[in-house]
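See structure below.
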Amino acid sequence: MDFGLNEQQEMMQTLAKDFLAAEYTDKVLKAMVKDDLGCTPEIWDKIAGMNLLGLSLPEKYGGVGDFLDLTVVLEEMGRVCFLGPYFSTVVLSASLIMDAGSEEQKKQYLPTIAEGKILVTLALSETSDNYTADDIKLKAVAKGDSYILNGTKIFVPDARAANYVIVAARTGKGVTLFIVDINTSGITVNTYQTVAGDKQGEIIFKDVKISAKDILGEVNQGWSYIEKVLRKANIARCAEMVGMAEQALKLTLDYAKERIAFGHPIGAFQSIQHRCADMKMDIDGSRFITYQSAWKINEGIDTEKDVAIAKAFVSQACQRVMHSAHQVHGAIGFTEDHILHYYTKRARAYEFSFGGADTQLEKIAALYR
Amino acid sequence: MDFGLNEQQEMMQTLAKDFLAAEYTDKVLKAMVKDDLGCTPEIWDKIAGMNLLGLSLPEKYGGVGDFLDLTVVLEEMGRVCFLGPYFSTVVLSASLIMDAGSEEQKKQYLPTIAEGKILVTLALSETSDNYTADDIKLKAVAKGDSYILNGTKIFVPDARAANYVIVAARTGKGVTLFIVDINTSGITVNTYQTVAGDKQGEIIFKDVKISAKDILGEVNQGWSYIEKVLRKANIARCAEMVGMAEQALKLTLDYAKERIAFGHPIGAFQSIQHRCADMKMDIDGSRFITYQSAWKINEGIDTEKDVAIAKAFVSQACQRVMHSAHQVHGAIGFTEDHILHYYTKRARAYEFSFGGADTQLEKIAALYR
Amino acid sequence: MDFRFSLEEENFRQEVAVFLEKEGPKEWQKKKVSFFDMSGQENWIAIHREMSQKLGAKGWLSLHWPKEYGGQGLSPFYRLILREELAKYHCPGYHSLSVDFVAPAILLKGSDELKKRFLPGIASGEVMWCEGLSEPGHGSDLAAIESFAKQDGESYVVNGQKIWTTYAHFADWMFLLARTDRQAQPNYRGLTFFLVDMHTPGITVNPIINMAGHYDFNEVFFDDVRIPKENIVDSINRGWYVAMALLDFERTSDLGYAIAGTLLNDIVECARERDILDAQNQIRMAELVVECEVARLTHYHVTWMQAQGKGTTYEAAACKLLGFESIQHVAEFGLKVFKQFGLLSDKSSLAPLYGRISSCYLRSFGHSMEAGTSEIDRDVIAQRGLGLPRLR
Amino acid sequence: MDFRFSLEEENFRQEVAVFLEKEGPKEWQKKKVSFFDMSGQENWIAIHREMSQKLGAKGWLSLHWPKEYGGQGLSPFYRLILREELAKYHCPGYHSLSVDFVAPAILLKGSDELKKRFLPGIASGEVMWCEGLSEPGHGSDLAAIESFAKQDGESYVVNGQKIWTTYAHFADWMFLLARTDRQAQPNYRGLTFFLVDMHTPGITVNPIINMAGHYDFNEVFFDDVRIPKENIVDSINRGWYVAMALLDFERTSDLGYAIAGTLLNDIVECARERDILDAQNQIRMAELVVECEVARLTHYHVTWMQAQGKGTTYEAAACKLLGFESIQHVAEFGLKVFKQFGLLSDKSSLAPLYGRISSCYLRSFGHSMEAGTSEIDRDVIAQRGLGLPRLR
């Protein structure tokens with residue numbers, strides 16, 4: 001049993017922390033939330049320059065590090081409430097291509113992803129946010145060497161920024177994945193305004209013609225890849241939430257030590273102290289349970305149950321932490337100027353993305369049946 | 001809108017409060033919990049002498065007062081954690097006889113109940129504690145002018161003390177109520193040891209022969225009377241819990257003001273204060289919501305929904321109050337010598353009797369469907 | 001004991017309902033705008049003012065005032081019925097700060113002259129007020145207020161800053177708690193309660209946008225602002241007592257349970273239309289029904305006490321706490337039900353209730369701070385209500 | 001990072017499991033007796049002592065002690081594995097007060113002579129200890145202890161009273177915190193940590209029965225009880241530091257999550273047999289699975305820190321709090337599932353798990369008081385862990 005980081009992980013942590021602290025200030029975050037794409041080419045180039053885009057990819061595809069390194073970096077990104085197509089490109093898409101892609105596809109996409117030259121996203125949900133194969137109704141009809149796609153995808157992360165989109169489509173009884181150039185004719189992208197400022201959109205496919213070469217993995221086997229990437233995605237979200245919660249606690253402690261009421265720093269009052277104690281336990285527990293699953297994923301022994309437990313806990317714990325952070329901050333944390341609400345809103349978005357606590361608890365209960 | 005008690009109610013309240021404070025001391029309570037029947041003839045005679053047994057019965061049957069008077073008295077009984085066949089005889093049985101009985105039956109049973117000469121109980125549950133008509137499987141088979149009863153009833157309150165038992169039995173597709181002398185041949189009573197020391201038992205009916213004259217109400221219509229009495233029973237339990245919770249808060253405040261730690265009465269610490277504040281809100285809310293339903297029952301405008309809301313809230317609020325009372329009392333409240341646990345245990349028994357919070361919430365949800 | 005409204009009260013409710021259905025803003029009724037979410041609507045101040053004057057014209061903003069001051073001398077339950085119906089019909093126009101905060105304070109502590117000067121404008125819904133209590137360093141700890149009013153002949157000259165001043169950007173008048181004695185021990189004995197014309201020179205109002213993106217709050221700066229001494233309520237250095245009475249009115253003004261109950265109904269209805277109210281959420285809904293019902297009765301009880309002229313100690317704090325927490329819980333429930341759809345802020349067909357779910361949720365973070373933090377409420381219940389000792 | 005036990009550790013777990021299945025009390029395994037519910041069993045002390053000696057004979061009560069004191073020098077995870085398996089197999093015999101409270105304190109702060117005198121009896125499971133810390137007026141506030149030990153030549157003479165002394169009625173020895181300097185400022189600098197033979201004249205033990213009807217606690221009176229001065233751990237007036245170190249060991253001794261997890265499994269299994277685990281309760285079960293898992297990892301983390309020799313500040317308090325709260329929540333869940341059936345204390349076929357549901361539930365009220373109240377635990381986390389200032 002070892003809860004410690006190894007040298008490589010510590011190095012990645014320091015690298016990411018220092019970079020983000022210097023470059024991703026509150027001011028940058030506020031600008032990125034307002035930005036259409038949520039990221040600038042400058043930031044992206046720097047991230048690429050530090051090899052952060054190849055995390056968890058093999059060296060032969062320009063990668064470096066493993067899923068644990070990625071988890072460490074995501075926690076640091078959470079700490080600054082990082083916004084940008086990192087999650088969609090690295091966590092979702094690079095993993096899927098690595099898992100499902102042919103050697104040719106890997107060579108085509110992975111090194112360019114690692115170099116920061118292309119952004120890729122995943123288009124999954126259609127009518128619900130249940131993340132089940134049943135929800136996949138977008139039709140892909142074979143026509144000679146091609147497929148014709150018709151349907152609409154919702155909640156697509158970074159829909160506007162992506163150069164390619166991996167589409168989960170219905171092919172008869174199964175689901176098949178396609179990797180599609182976003183500029184293919186017949187594709188329309190509409191972006192949402194979201195509370196959290198995370199960049200999502202819907203993608204409408206109208207008679208979009210795709211070559212059969214652009215199928216990712218086996219025909220009709222797409223959902224098995226999706227299940228695997230959903231586990232990674234959920235743990236990655238957990239890692240981000242751990243960093244976010246940690247930062248919310250830091251802001252809260254700083255404020256509680258400095259703000260005076262009734263002649264004392266408010267952090268001396270027991271109601272505030274007990275809130276902070278609960279926040280700390282929630283955050284520690286969140287980190288332990290996130291890293292347990294991240295480690296298992298890294299070792300190839302990940303299970304549905306571990307991931308469901310982690311996501312159920314972390315997403316609820318993170319809401320509790322944010323709620324307490326606001327309660328301690330009082331009115332000042334309720335203002336748009338303050339940085340806290342960026343974390344609060346994002347925490348909600350991440351809670352629900354890839355299945356919220358309720359969904360995860362149902363999964364756990366089902367595993368006991 | 002009027003939250004006040006009228007003169008009669010205030011008089012009943014004072015009468016009950018003074019009597020119980022003087023006669024039903026902690027010492028008596030402890031003895032009654034160990035007692036086989038949970039009550040002595042002396043106590044019962046005094047209660048009868050104060051006309052408390054005829055509450056909510058018409059004067060012509062020896063009664064006095066209405067359901068609100070009864071509610072007021074039950075709250076006072078809760079305050080001293082009163083144990084005894086009052087609930088089974090007055091709340092359950094007298095109400096049922098009044099509702100369902102023939103004029104002859106009313107004349108036979110009600111005045112003797114009001115005079116304290118007989119104890120009557122209700123035998124309802126058989127295999128579950130779901131309180132649904134489906135659970136009634138005890139068979140009553142007509143044989144000439146008689147019925148033969150076969151089956152087992154569980155969780156019968158005051159099974160050992162009762163002289164008569166009202167039995168809900170299956171008669172074809174419906175349920176029929178019989179009022180049965182407990183000494184009828186073929187009846188066996190076994191008492192339970194319960195955590196709360198409340199006197200319950202199982203009653204086994206083996207070829208018990210009952211006259212058709214002892215049917216209460218219409219044949220096959222028994223469940224409609226039961227539904228009505230269940231509403232009264234639940235609100236009566238709420239009233240007792242309000243009194244119990246009030247007393248738990250009183251004990252807690254007394255202790256918090258007197259117990260010194262770290263140089264201060266512990267009641268000065270914010271964590272204790274906030275617990276007590278929450279207890280107070282729970283108790284006030286419990287009282288309001290209980291009396292709202294009691295008033296509606298009294299006016300004949302009671303609804304399933306109001307009762308379900310009241311029982312759902314009061315039974316959970318009462319558990320929160322007891323939990324907080326223990327937490328403030330620390331180790332001393334954890335001992336058998338201390339009076340607090342009598343309240344805690346009884347609160348659990350009352351929570352579940354006639355359907356706990358979960359059951360009530362299901363009912364409420366169903367009403368919105 | 002009687003848990004029924006009187007026939008007259010029921011008739012009044014009916015009259016209000018008919019009026020609001022007809023006269024309330026149609027767009028708001030369609031969108032099911034929630035009370036605390038009003039400022040998220042376009043052009044809302046004008047709509048609010050207009051509706052306020054309509055209510056004033058009906059005599060509904062002074063229902064329970066004594067007749068001598070233009071009121072109808074009715075029980076405070078009329079006010080409660082009006083506000084329940086306003087919540088139900090998603091109607092603005094009830095400017096609590098005027099009607100429920102400052103008006104009762106003036107009625108209770110103001111001179112006859114002040115009553116005659118200020119009550120008619122409130123009753124007609126034409127004059128709107130804001131509240132000058134909190135300061136940057138003193139939110140919960142009002143006794144420590146620093147804004148200073150210095151006597152200068154027949155007037156006082158105020159310098160200082162207020163913050164979280166709701167609606168200062170369109171209010172006509174402000175009630176202001178300022179220090180008039182820096183030596184007073186304890187410090188709350190050096191405060192005075194002023195009524196200030198917001199057009200007085202020297203007042204600067206800066207917006208504070210809240211995390212829901214709405215503009216409710218302001219910073220208000222006072223730079224040699226001159227207030228005639230006849231604008232003092234009660235007398236010099238007695239402002240604390242006026243403010244404390246006012247805070248109890250404030251705590252029972254907004255009907256948390258009614259706002260929560262309406263929002264709950266709207267959520268459930270919309271979820272049913274989308275067929276997404278699963279078994280877990282139905283149970284949670286039932287819990288919220290229970291919670292709102294308890295908050296409702298707690299509010300009725302304190303209203304009954306007010307109607308009886310019974311003194312209250314902790315009841316207003318409990319009422320506010322339960323009511324406002326119920327809004328928070330219902331708003332969270334909205335997110336729980338609609339999940340990612342609830343987090344869409346746009347007007348797309350995917351966003352339930354025109355984006356109100358997220359807006360109400362974000363706005364609800366304020367509910368455990370405004371009108372006293374939940375911590376202060378619980379302190380009040382424990383100390384004033386239960387007699388527990390102070391540590392400090 | 002590695003969330004796996006080593007092969008050696010897994011082998012040890014297997015060895016323990018095989019041993020316990022064979023050597024554990026069969027009746028307890030059938031009845032699924034829970035750790036904190038042991039004293040509800042007939043003849044339990046004899047069974048506990050016997051099992052303790054069996055564990056001692058295997059060398060399992062001194063797994064992670066240094067080899068020079070008879071230990072095996074293994075990581076503290078071996079102790080944790082042993083206790084997980086004991087919980088799983090419903091086995092008694094692990095006398096925490098000896099093995100996890102006083103032994104580590106002696107190892108850390110005791111002289112070489114004390115180690116040699118006392119550790120072997122603990123390692124063999126033959127000598128059982130009890131804890132003399134709490135006093136009637138001082139439960140949470142240990143620094144204010146009043147029992148006084150007066151020097152008299154080569155020994156100290158103790159007068160005073162302890163309370164909540166778990167297992168004093170059969171313990172052979174007690175570790176005792178007593179005042180040796182009434183003038184010390186701050187007061188905790190006047191306390192000394194003694195080891196006391198429970199057979200010393202002048203000691204009276206009176207039972208305290210808990211609300212579950214079990215006999216665990218005692219009052220212990222000291223009337224001129226003479227203790228040789230070589231029985232002092234560390235030195236005179238340094239007892240506070242020994243006690244504080246001990247409390248951190250105490251907080252990580254009992255594996256709350258493991259006891260809770262076993263009870264949860266037993267409840268779920270029994271509920272499935274009776275076919276009463278409805279959808280609501282399945283979700284609640286899932287929540288408890290999550291809670292126990294987090295408590296487990298929190299315990300693993302602090303054990304890892306101990307294994308690394310890393311200093312801990314708040315971690316033990318968090319570990320105890322989460323673990324013990326999880327037992328409370330699972331015990332409450334038992335009642336929620338079995339309702340009235342769970343409240344039957346008899347042995348009738350209606351009572352689930354031989355009446356253990358109610359027994360565990362009632363016993364669980366103690367968990368937020370023992371080994372420090374939950375309030376103190378949260379104070380510790382806030383002040384020692386997060387550096388928040390003290391009010392007092």
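Residue numbers begin at 1 in each chain, while the letters A, B, ... track the order of the sequences.
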Examine whether an atom of [X] lies under 4.5 Å from a heavy atom of chain A, and if so say whether it belongs to the side chain, the backbone or both; otherwise answer neither.
X	answer
C:Tyr361	side chain
C:Leu350	side chain
C:Arg363	both
C:Leu343	both
C:Ile376	side chain
C:Ser359	neither

message: Using only atom types and a distance under 3.5 Å, with no angle test, would you say the side chain of C:Ser345 pairs donor to acceptor with the backbone of A:Gln193?
response: yes
query: So, does A:Lys345 use its side chain to make a donor-acceptor pair with the main chain of C:Ala212 at under 3.5 Å?
result: no
Would you say [X] and [Y] make side-chain contact, with heavy atoms under 4.5 Å?
X	Y	value
A:Ile332	C:Trp164	yes
A:Phe334	C:Phe217	yes
C:Lys336	A:Asp358	yes

Give, for atom [atom1] of [X] and atom [atom2] of [Y], the distance between the pair rounded to the nearest 0.5 Å.
X	Y	atom1	atom2	value
A:Ser271	C:Asp379	OG	CG	7.0 Å
A:Arg348	C:Gln340	CZ	CD	13.0 Å
A:Ile154	C:Leu344	CD1	CG	8.0 Å
C:Met211	A:Thr335	CE	OG1	9.5 Å

Partner chain C: residue of [options] with the largest heavy-atom pair count (under 4.5 Å):
options	answer
A:Gln200, A:Gln319, A:Glu336	A:Glu336
A:Ala196, A:Gly330, A:Gly263	A:Gly330
A:His338, A:His326, A:Glu351, A:His341	A:His326

Exercise: identify the closest heavy-atom pair between [X] and [Y]:
X	Y	value
C:Leu335	A:Phe352	O-CZ, 3.4 Å
C:Phe365	A:His323	CE2-CA, 4.3 Å
A:Ala261	C:Asp141	C-OD2, 4.1 Å

message: For A:Thr344, which atoms come within 4.5 Å of any heavy atom of chain C: side chain, backbone, both, or neither?
response: side chain
query: For A:Tyr192, is it the side chain, the backbone, both, or neither that has a heavy atom closer than 4.5 Å to a heavy atom of chain C?
result: both
message: Quick one about C:Glu375 and A:Gln327 (side-chain donor to acceptor, distance below 3.5 Å, no hydrogens or angles considered), yes or no?
response: yes
task: Quick one: do A:Glu362 and C:Gln280 satisfy side-chain hydrogen bond (donor to acceptor under 3.5 Å, both in side chains)? Show the steps, please.
output: CA-CA 10 Å; A:Glu362 292 276 13; C:Gln280 266 197 71; 3.2 Å; yes
- prompt: Hey, mind stepping through C:Lys339 and A:Thr359 against side-chain contact (heavy atoms from CB on, under 4.5 Å) and telling me if it holds?
  reply: CA-CA 11 Å; C:Lys339 298 183 279 189; A:Thr359 310; 4.1 Å; yes
- prompt: If you count the non-hydrogen atoms of other residues, nucleotides and ligands that lie under 6.0 Å from NZ in A:Lys137, is the total more than 12?
  reply: yes
